[in-house]
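What you see is a predicted model, and the numbers here were worked out from it, not measured in a lab. Sequence positions, counted from 1, serve as the residue numbers for this chain.
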Amino acid sequence: MTSVAPQLIGCSPTHKSGRLWELCADQVWGDWLRYSRTQRSSSTVKSPTSPKAQITLPMRVFKLLGVETMILTNAAGGLNQDYKVGDVMIIKDHINMPGFAGSNPLVGPNDERFGLRFPCMSDAYDRELCQMAHDVAEELHFGDFVREGVYVVLGGPSFETIAECRMLHTLGADAVGMSTVHEVIVARHAGMRCFALSLISNRAVMDYDSQERANHEEVLETGKLRAKQLEKLVSTMVARLEHNNN
Ligand SMILES: O=P(O)(O)O[C@@H]1C[C@H](O)[C@@H](CO)O1
């Protein structure tokens, strides 16, 4: 069984692991519903079928499949004024903005089989994997566009206002996006190592005189421009992890 998630991401019923994936998903989801029914002694217990519990279900399936290391990627708007479109940011930490308002994928009955009720997040992003990414980036001569910083997640799907971007930057975030953090929280809860990259697909608009407007077309366009290099960076890391595991 492989210990690295990207090889499993996207597996479908036609993929050779697809049936295994389906069985694990059925097991996690079925167990989760049964378990939560036994816990639902009062109406104050939250539904386990919250959108965040649903979108992070694959993390638990990966765990059951034997995955030990998660590698995640996303597109994000650059808040750090030194960042350029096309930069790749190694995520060293995150700010879970929806979490401030009580929206966390672990809300609801805790499934003890996966992890603790109150998991630590001060070590969410594995330092060794961050260092490996820097080393690999240097070797591939990607050093001039690879950065390291803090990712803040918002709910989306609307992009941020200028005032919001200014506030997020003041709070210590280097890049803003709409994903990844929920998956990392569930993966860390289950004890998996996490590593994540943000492609800075656009600059967050911070200035009222700016003519720039965040738009999804630019996000997709930047993704295409960096796709090959990102693939090389991640695949080299995966090969190194597998080599280290043997
Ligand atoms: O990689 P993700 O899904 O975080 O990409 C961001 C968030 C939205 O899906 C999209 C907005 O353009 O890009």
Side-chain angles (χ1 to χ4, degrees), residues 2-12 15 58-59 62 67-94 124-153 156 159 165 168-169 173-184 187 192-205 212-246:
T2 180
S3 65
V4 182
Q7 293 160 332
L8 293 168
I9 289 174
C11 66
S12 68
H15 186 281
M59 301 303 110
F62 287 140
V67 171
E68 292 165 357
T69 303
M70 289 301 310
I71 298 183
L72 303 104
T73 63
N74 63 49
L79 295 163
N80 185 320
Q81 297 301 287
D82 294 336
Y83 286 7
K84 294 192 285 298
V85 170
D87 281 355
V88 171
M89 184 185 87
I90 295 166
I91 301 183
K92 74 168 177 199
D93 204 352
H94 72 225
Y125 299 87
D126 190 277
R127 296 306 304 165
E128 268 181 40
L129 294 177
C130 290
Q131 187 54 52
M132 181 192 287
H134 281 295
D135 295 345
V136 169
E138 279 305 318
E139 287 162 31
L140 295 172
H141 307 291
F142 293 170
D144 56 338
F145 64 83
V146 171
R147 322 287 196 132
E148 183 171 299
V150 175
Y151 175 87
V152 59
V153 65
F159 287 109
C165 288
L168 295 171
H169 187 232
D174 297 295
V176 55
M178 308 177 191
S179 67
T180 307
V181 168
H182 322 301
E183 286 82 359
V184 166
M192 290 185 273
R193 295 168 88 192
C194 289
F195 170 75
L197 292 172
S198 289
L199 171 65
I200 306 300
S201 55
N202 57 287
R203 282 156 45 90
V205 181
E212 288 179 285
R213 298 283 181 271
N215 66 89
H216 189 54
E217 288 66 39
E218 184 183 8
V219 173
L220 296 178
E221 206 49 48
T222 314
K224 281 187 210 147
L225 290 177
R226 275 282 184 247
K228 286 249 165 335
Q229 285 148 314
L230 264 175
E231 193 183 322
K232 185 74 186 156
L233 181 63
V234 173
S235 60
T236 308
M237 287 184 69
V238 170
R240 203 155 292 187
L241 278 169
E242 289 194 331
H243 179 263
N244 293 349
N245 276 351
N246 291 329

For D126 and T69: C-alpha separation, side-chain torsions, deciding distance, then whether side-chain contact (heavy atoms from CB on, under 4.5 Å) applies.
CA-CA 10 Å; D126 190 277; T69 303; over 6 Å; no
To check you understand the geometry: which heavy-atom pair defines the closest contact between [X] and [Y], and what is its length?
X: G149; Y: Y83; answer: CA-OH, 3.8 Å
X: A124; Y: C194; answer: O-CB, 3.5 Å
X: A175; Y: I200; answer: CB-CD1, 3.8 Å
X: F159; Y: A214; answer: CG-CB, 3.6 Å
X: L225; Y: Q229; answer: O-OE1, 4.0 Å
X: H169; Y: L79; answer: CD2-O, 3.5 Å

Would you say [X] and [Y] make side-chain contact, with heavy atoms under 4.5 Å?
X: L241; Y: L129; result: yes
X: M70; Y: V184; result: no
X: N245; Y: E242; result: no
X: R240; Y: V136; result: yes
X: L199; Y: T222; result: yes

Rounded distance (nearest 0.5 Å) linking atom [atom1] of [X] with atom [atom2] of [Y]:
X: N74; Y: E183; atom1: CG; atom2: CD; value: 9.5 Å
X: I91; Y: C130; atom1: CD1; atom2: SG; value: 9.0 Å
X: R226; Y: L233; atom1: CZ; atom2: CG; value: 11.0 Å
X: M132; Y: I90; atom1: CE; atom2: CD1; value: 11.5 Å
X: E128; Y: D135; atom1: CD; atom2: CG; value: 11.0 Å
X: R147; Y: D174; atom1: CZ; atom2: CG; value: 10.0 Å

Quick one: does D87's side chain have a donor or acceptor within less than 3.5 Å of a partner on K84's backbone?
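At least one qualifying donor-acceptor pair exists.
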Given 3.5 Å as the limit, does a donor-acceptor pair link the side chain of D82 with the main chain of N80, or not?
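Not at all, since once roles are kept as given, no pair shorter than 3.5 Å links the two residues.
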Going through the distances and angles, do T180 and V153 end up as a side-chain contact (heavy atoms from CB on, under 4.5 Å)?
CA-CA 8 Å; T180 307; V153 65; over 6 Å; no
Check whether more than 12 heavy atoms from other residues, nucleotides or ligands sit under 6.0 Å from atom CD of E139, and answer yes or no.
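More than 12 heavy atoms, drawn from other residues, nucleotides or ligands, come within 6.0 Å of this atom.
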Can R127 and E148 be counted as an ion pair, charged N to O under 4.0 angstrom?
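Yes, R127 and E148 are salt-bridged.
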